[in-house]
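Residue numbers begin at 1 in each chain, while the letters A, B, ... track the order of the sequences. Keep in mind that the numbers below use all heavy atoms, side chains included, and drop hydrogens, waters and symmetry copies.
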Amino acid sequence: KLYSNRYEGDQVLRIIPSSHVEIQLLKQLFQNMTVDFWQPSSTSFIHMGSSVDIHVGRNSTGRLKAHLQQTHIHYEVLIPNLQKEMEKQAGYRSSRKRR
Amino acid sequence: SEFQYDYEVYHPLEEIQSWMFEMNRTHPHLVDMFSIGRSYEGRPLYVLKLGNRKRLHKKAMWIDCGVHAREWIGPAFCQWFVREAVNSYLHDSSMRRLMNQLNFYIMPVFNVDGYHYSWKTDRFWRKTRSKNAKYHCRGVDANRNWKVKWCDEGASLHPCDDTYCGPFPESEPEVKAVARFLRKHRKHVKAYISIHAYAQMLLYPYSYKYATIPNFDCVETAAQNAVRALYSAYGVRYRYGPASTTLYVSSGSSIDWAYKNGIPYAFAFELRDTGYYGFLLPEALIGPTCMETMRAVRAIASGLLKKC
């Protein structure tokens with residue numbers, strides 16, 4: 001398993017805040033939760049209408065999604081399982097090499 | 001036997017370095033490899049100089065890839081560029097003209113320590129790997145460590161943050177080495193390009209403030225031509241403009257430093273995609289991404305040969 005399977009269950013979510021209230025809620029949320037910002041590179045760049053792509057560890061996805069649902073902040077799951085995505089891509093390379 | 005290298009897969013650092021040695025060995029008339037220093041962990045910082053050596057005092061273009069470790073499409077593009085430049089020299093008259101009239105300095109992996117770490121341990125590592133005396137967190141954002149409005153808006157003073165600007169400007173040996181090289185060659189280097197991912201954008205100064213650069217007309221035209229050339233490959237749209245308004249305000253960036261250092265054309269590319277795969281851009285998309293970006297970079301290089 002790539003990277004000792006550390007990304008199993010990790011997800012990448014996309015949030016597009018649609019109000020200043022949502023922006024503030026997100027900033028507060030990410031102060032108390034460790035996520036890996038893919039885009040933008042930090043909370044200070046969160047703006048209305050701009051995508052926020054975050055890599056969330058498997059132990060935090062449930063809590064984060066629950067919080068987003070409670071605060072009616074819409075999100076989209078870009079990558080449902082990072083480990084599987086990486087393994088899939090590695091598999092394509094192996095089969096290409098075999099061919 | 002002919003050297004076989006797959007340009008449509010991602011390569012670990014050691015393979016990229018072996019490839020650089022091989023390019024240097026097999027194309028002595030067009031390629032010159034040298035080191036500009038060592039990384040924090042002691043790795044050499046290799047640069048390839050491309051161009052017809054017979055001509056002296058040529059204008060030059062600098063391209064660096066892999067400032068942020070997890071952006072693997074960057075080093076893939078740098079390798080693609082070198083391959084295209086040397087392989088098409090004989091049969092492509094416009095590439096031959098570029099290589100005859102310009103020098104290209106290509107740094108395939110800027111953040112060698114971070115890149116190696118992203119292969120071995122943490123695929124999504126961004127920063128360098130320098131240690132911090134007071135905190136357990138490592139690394140500095142190499143695109144916040146340049147000496148231009150250092151650690152102002154858009155950068156963080158906290159060592160554990162991904163946009164940590166470092167203890168002082170050019171604290172990172174990688175940044176210091178490139179800055180020293182560009183300062184030394186400032187008379188000839190007329191274009192600076194830094195390759196990043198992902199967002200599908202072409203950015204120019206300023207990053208640190210909302211203001212128009214003095215040579216806006218020339219740079220904007222160059223950017224327009226570049227994205228048009230890029231679009232002509234596969235119809236992929238890139239946004240372009242000043243980094244502060246097109247992306248976000250950030251201080252201490254390499255393009256701002258390059259511009260302030262007298263390089264009139266300073267660009268940052270944010271390559272594919274816009275988030276579907278993000279940093280996990282599949283290897284099947286390396287070819288199209290690199291091909292379209294090649295057209296854009298060639299357009300910028302061609303622009304250097306004209307007066308503006």
Shortest non-hydrogen separation from [X] to [Y] and the atoms involved:
X	Y	result
B/Tyr277	A/Ile79	O-CD1, 3.8 Å
A/Gln89	B/Pro282	OE1-CA, 3.6 Å
A/Tyr7	B/Asp122	OH-OD1, 2.8 Å
A/Trp38	B/Gly278	CZ3-CA, 3.8 Å

Contacts with chain A made by residues 142-163 of chain B (heavy-atom distance under 4.5 Å), listed by residue number: B/Arg144, B/Gly154, B/Asp162, B/Thr163
B/Lys176 NZ: over 12 foreign heavy atoms closer than 6.0 Å: no
B/Lys131 NZ: over 12 foreign heavy atoms closer than 6.0 Å: no
Proximal component of A/Phe37, with respect to chain B [non-hydrogen, under 4.5 Å]: backbone
Residue selection (most heavy-atom pairs with chain B, distance under 4.5 Å) from A/Met86, A/Arg6, A/Arg14: A/Arg6
Sole residue of A/Ser50, A/Ser44, A/Ser41 in side chain to side chain donor-acceptor pair (under 3.5 Å) with B/Tyr248: A/Ser41
Does some side-chain heavy atom of [Y] sit less than 4.5 Å from a side-chain heavy atom of [X]?
X	Y	answer
B/Leu280	A/Val12	no
B/Phe124	A/Leu82	yes
B/Tyr198	A/Asp53	yes

Partner set under disulfide (SG to SG under 2.5 Å) for B/Cys290, not counting sequence neighbours: none
A/Asp36 vs B/Arg70, salt bridge (charged side-chain N to carboxylate O under 4.0 Å, His left out): CA-CA, chis, key distance, verdict: CA-CA 12 Å; A/Asp36 169 25; B/Arg70 57 191 179 183; 2.9 Å; yes
Per-residue contact mode, B/Tyr276 against chain A (heavy atom under 4.5 angstrom): backbone
